[in-house]
Amino acid sequence: MCTVCGCGTDSVEHSLIRGHSHSHAAGLSSARMVQIEQDILGKNNQYAAQNRQWLAERGILALNLVSSPGSGKTTLLTETLTRLQGNVPMAVIEGDQQTSNDADRIRATGVPALQINTGKGCHLDAHMVGHALESLPIANGGILFIENVGNLVCPAAFDLGEAHKVVILSVTEGEDKPIKYPDMFHAADLMILNKIDLLPYLTFDVAKCEEYARRVNPTIQILHVSATSGAGIEGWIDWLICAKPPIQA
């Protein structure tokens with residue numbers, strides 16, 4: 001069941017190959033739906049706590065990258081990996097409904113990536129990420145990037161054990177996305193406004209977008225970036241270095 005869109009059944013199957021499947025269940029009462037949602041999120045939170053402990057023991061910074069499709073998330077990620085490679089151990093968990101296209105782009109940088117195809121599932125969950133950690137090579141003190149399924153709704157509700165959710169919004173989308181999808185922007189600690197090189201050709205109102213984002217999350221940090229031109233990337237790299245925890249002795 002998807003706890004946000006409200007469809008599905010309570011017989012949820014998770015695996016590294018397929019995520020949970022949706023099938024609309026007619027006849028379920030509202031109370032039963034709420035109970036199912038609470039059970040699913042409660043179980044997910046238990047797995048997330050295990051992931052978080054595993055990551056903390058190894059001094060690994062885990063970031064959950066979320067966005068709508070087409071935000072430039074994978075381009076931002078490949079540029080980040082290229083710049084940091086050789087300085088920080090890194091690995092990537094790639095979430096997509098189908099194909100390994102994005103994981104192939106990540107592996108081309110030389111950084112290990114593990115693909116999770118969710119099938120009809122609209123987000124990664126903590127159980128999937130926990131299984132990925134069992135086989136994904138990443139050294140202590142590194143950074144784990146989790147590229148979630150492109151979707152500004154469902155991933156907001158699922159804690160994966162990450163240190164921060166980072167929401168990527170491109171200027172080719174509407175500036176009102178933060179108030180249209182407030183849960184996601186409320187859950188994120190950082191908003192990256194991507195594709196700023198295109199601003200001269202658009203009517204996107206940056207100030208209004210930032211005001212909307214801070215309306216739903218007054219403490220959200222905001223960076224302006226162009227993953228293709230490289231503008232603002234250094235600020236993002238500095239943010240990563242500052243967010244990385246020290247390795248426990």
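What you see is a predicted model; the values in this text were computed from it and never measured.
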Worksheet item: Between CG of Asp125 and OG1 of Thr118, what distance do you get to the nearest 0.5 Å?
Response: 10.0 Å
Discussion item. Applying side-chain contact (heavy atoms from CB on, under 4.5 Å) to Lys177 and Leu152, what does each step give before you reach the verdict?
Written reply: CA-CA 9 Å; Lys177 282 287 178 67; Leu152 280 178; 4.0 Å; yes
Item to complete: Find the distance between CG (Leu65) and CD1 (Ile192) and round it off to the nearest 0.5 Å.
Response: 7.5 Å
Discussion item. Can a donor-acceptor pair be found, under 3.5 Å and without considering hydrogens, that links the side chain of Asp183 to the backbone of Ala156?
Written reply: no
Discussion item. If hydrophobic clusters are built from ILVMFWY residues whose side chains come within less than 4.5 Å, do Leu160 and Leu240 share one?
Written reply: no
Worksheet item: Any luck finding a side-chain donor-acceptor pair between His127 and Gln46 under 3.5 Å?
Response: no
Discussion item. Please say yes or no: joined through hydrophobic side-chain contacts below 4.5 Å, possibly via intermediate residues, are Val166 and Phe158 part of one cluster?
Written reply: no
Worksheet item: Hey, what do you get for CZ (Arg83) to CD1 (Ile237), rounding to the nearest 0.5 Å?
Response: 6.5 Å
Item to complete: Provide the closest heavy-atom pair for Leu61 versus Ala163 in the form atom of the first, atom of the second, distance.
Response: CD1-CB, 3.7 Å
Worksheet item: Does one hydrophobic cluster hold both Tyr181 and Val171, with members joined at side-chain heavy-atom distances below 4.5 Å?
Response: yes
Worksheet item: Would you say the side-chain atoms of Arg105 and Thr75 include a donor-acceptor pair closer than 3.5 Å?
Response: yes
Worksheet item: Just by distance, with hydrogens left out, do Glu79 and Thr82 show a side-chain donor and acceptor under 3.5 Å apart?
Response: no
Fill in: Distance-minimising heavy-atom pair for Gly95 and Leu124
CA-CD2, 3.9 Å
Worksheet entry | Side chain to side chain, Asp96 and Asn117, heavy atoms closer than 4.5 Å | yes
Worksheet item: Do the non-hydrogen side-chain atoms of Val88 and Lys244 ever get within less than 4.5 Å of each other?
Response: yes
Discussion item. Side chains of Ile93 and Asn148, heavy atoms from C-beta outward: is any pair under 4.5 Å?
Written reply: no
Fill in: Gln221: side-chain hydrogen bond (donor to acceptor under 3.5 Å, both in side chains) partners, not counting sequence neighbours
Trp239
Discussion item. In the structure I gave you, are the side-chain heavy atoms of Leu169 and Asn194 within less than 4.5 Å of one another anywhere?
Written reply: no
Fill in: Criterion side-chain contact (heavy atoms from CB on, under 4.5 Å) on Ile233 and Leu76, from CA distance to verdict
CA-CA 9 Å; Ile233 288 286; Leu76 176 67; 3.8 Å; yes
Item to complete: Could you tell me which non-hydrogen atom of Pro178 sits nearest to which non-hydrogen atom of Phe185, and how far apart they are?
Response: CA-CD1, 3.4 Å
Worksheet item: Does Leu81 reach the side chain of Gln85, with side-chain heavy atoms less than 4.5 Å apart?
Response: no
Worksheet item: Is Arg58 close enough and on-axis enough to Trp54, meaning under 6.0 Å and within 45°, for cation-pi?
Response: yes
Fill in: Glu57-Gln53 side chain donor-acceptor pair, cut-off 3.5 Å
yes
Discussion item. Does His164 form a side-chain contact (heavy atoms from CB on, under 4.5 Å) with Leu190? I'd like the steps, not just the answer.
Written reply: CA-CA 8 Å; His164 304 282; Leu190 174 67; over 6 Å; no
Practice prompt. Tell me yes or no: between the side chains of Ser226 and Asp197, is some donor less than 3.5 Å from an acceptor?
Written response: yes
Discussion item. Once rounded to the nearest 0.5 Å, what's the spacing between atom CE of Met191 and atom CD1 of Ile222?
Written reply: 4.0 Å
Discussion item. To the nearest 0.5 Å, what is the distance between CG on Asn45 and CG on Asn51?
Written reply: 11.0 Å
Item to complete: Show your reasoning for whether side-chain contact (heavy atoms from CB on, under 4.5 Å) applies to Thr80 and Phe145.
Response: CA-CA 10 Å; Thr80 303; Phe145 296 96; 4.0 Å; yes
Practice prompt. Following the transitive rule for hydrophobic clusters with a side-chain heavy-atom cut-off under 4.5 Å over Ile, Leu, Val, Met, Phe, Trp and Tyr, establish whether Ile143 and Ile168 coincide in one cluster.
Written response: yes
Worksheet item: Are Val92 and Val111 side-chain neighbours, meaning at least one heavy-atom pair lies under 4.5 Å?
Response: yes
Worksheet item: When you check the gap from the basic side-chain N to the acidic O, do Glu211 and Arg214 get nearer than 4.0 Å?
Response: no
Fill in: Side-chain donor-acceptor pair present, Glu147, Thr74, cut-off under 3.5 Å
yes
Fill in: Ion pair check, Arg52 and Asp159, cut-off under 4.0 Å
yes
Item to complete: Hey, could you give me the CG/CG distance between Leu77 and Asp102, rounded to the nearest 0.5 Å?
Response: 9.0 Å
Worksheet item: Looking only at heavy atoms, which two atoms of Ser170 and Gly70 are closest? And how far apart?
Response: OG-O, 4.3 Å
Fill in: Close side-chain approach of Leu55 and Glu162, heavy atoms under 4.5 Å
no
Worksheet item: Do Val216 and Ile220 belong together in a cluster built from hydrophobic side chains that touch within less than 4.5 Å?
Response: yes
Worksheet item: Which heavy atom of Arg107 sits nearest a heavy atom of Leu114, and at what distance?
Response: NH2-CA, 4.3 Å
Worksheet entry | Nearest heavy atoms of Gly141 and Pro89, plus distance in Å | O-CD, 4.3 Å
Practice prompt. Would you mind reporting whether Val66 and Met184 have side-chain heavy atoms less than 4.5 Å apart?
Written response: yes
Worksheet item: Residues in side-chain hydrogen bond (donor to acceptor under 3.5 Å, both in side chains) with Ser71, at least two apart?
Response: Ser67
Worksheet item: Under 6.0 Å from the NE2 atom of His186, do we count more than 12 heavy atoms belonging to anything else shown?
Response: no
